[in-house]
Amino acid sequence: MRTPMIAGNWKMNKTPAETKALIEDLKKIENRSGAEVVVCPMTVCLSTAAEALKGSEIHLGAQNVHFADKGAYTGECNAASLKELGVEYVIIGHSERRQYFAETDVTVNQRTLKALEAGLKPIVCVGESLEQKQQGITNEVVCLQTKVALLNVGEKIDDVVIAYEPVWAIGTGLTATPEDANATIGAIRGAIREVFGEAADRVRILYGGSMNDKNAHDLMAQPEIDGGLIGGASLAAEKFSGVINFN
Ligand code: 13P
């Protein structure tokens, strides 16, 4: 009942010209899995990407959005501008934002609420650090992150996507085992169910962290895993194609 989603987080890679070239390559890929495909380029590349994606079935996402409508927030980007460019999804609370840019569960919630108010669909990232994993508190950490991120979301829960990205698995080549990722995502769904009831069964929860064309099949075979948020393996069309066609 949940449409799988394969989303590429291009992080701080690809210039506008490279963005256009990669999108042109991605448009040639046959999508045999039926997954909803999303690409999330750098903010400065979004308008090039929107133009290149015209007439294609690939969806456009941003990597961040500010929680104010507008104002004195040098370097930030507001939801209205993303909307105007034709952006549909926005990644919020990526662990790199939490680690390097002082993002907290509270600001993740603020950004999520603003995105939803503007008609953007947030892809909210949660995940435990290596230390938290070793202490055996993964479920507590990710469930709390999820619940705080979704405070006051209300009926808009149906527009939310969650991405479970264990911090120790990002860009390291280490992946959670499919079984572990499935169990943690099941716990996240349980936390959503506590607050939002049966809507939890409609919320897509992605896995992210060194997911690639080799391991996507086994991860996607798990019942709780509804898709992937892909970093490195989304930067070249051939590899990303292998993830999109995970089946
Ligand atoms: P990698 O796929 O490069 O590990 O990155 C995952 C990620 O952070 C996606 O948001």
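Order of listing sets the numbers, starting from 1, for every ligand and every atom in it. Note that this is a predicted model, so its numbers are computed, not measured. Note that these values count all heavy atoms, side chains included, but never hydrogens, waters or copies made by symmetry.
Each of Arg2, Arg189, Arg193 was compared with Asp201 under the side chain to side chain donor-acceptor pair (under 3.5 Å) criterion, and only Arg193 meets it. Of the residues listed (Leu219, Asp218, Asp180), the one engaging Thr175 in a side-chain contact (heavy atoms from CB on, under 4.5 Å) is Leu219, and it is the only one.
Atoms of ligand 1 lying under 4.0 Å from any heavy atom of Ala169, numbered from 1 in the order shown and given with element: 4 (O). Of all the atoms in ligand 1, the ones that sit under 4.0 Å from a non-hydrogen atom of Glu165 are 6 (C), 7 (C), 8 (O), 9 (C), 10 (O). Every atom of ligand 1 is numbered from 1 in the order shown, and the set under 4.0 Å from a heavy atom of Gly232 is 1 (P), 2 (O), 3 (O). Taking a cut-off of under 4.0 Å to the non-hydrogen atoms of His94, the atoms of ligand 1 that pass are 7 (C), 8 (O), 9 (C), 10 (O). Less than 4.0 angstrom separates some heavy atom of Gly209 from each of these atoms of ligand 1: 4 (O), 6 (C).
In Ala163, neither the side chain nor the backbone holds a heavy atom less than 4.0 Å from any atom of ligand 1. The side chain of Asn9, and not its backbone, has at least one atom closer than 4.0 Å to an atom of ligand 1 (non-hydrogen atoms only; side chain from C-beta on).
Between the side chain of Ser234 and the backbone N or O of Gly231 there is at least one donor-acceptor pair closer than 3.5 Å.
Of all protein heavy atoms, the one lying nearest to atom 5 (O) of ligand 1 is Lys11 NZ, 3.2 Å.
Backbone and side-chain nitrogen or oxygen atoms of Ser210 are examined, and one is located within less than 3.5 angstrom of a nitrogen or oxygen of ligand 1. Here's the thing with Gly171: one of its N/O atoms is less than 3.5 angstrom from an N/O atom of ligand 1.
Remark: Ile157 CD1 to Leu150 CG distance equals 4.5 Å, nearest 0.5 Å.
Using modelled atom types and a 3.5 Å distance limit, the side chains of Asn78 and Ser81 yield a donor-acceptor pair. For the residue pair Gln63/His94, the side-chain donor-acceptor check at 3.5 Å is not satisfied.
The closest non-hydrogen atom to atom 2 (O) of ligand 1, taken over Gly228, Gly231, Cys40, Ala7, comes from Gly231.
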Donor-acceptor contacts, no H, no angles, side chain residues 44-55, under 3.5 Å, sequence neighbours left out:
from: Glu51; atom 1: OE1; to: Lys54; atom 2: NZ; distance (Å): 3.0

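Checked against a 6.0 Å centroid threshold, the rings of Phe246 and His217 do not count as neighbours.
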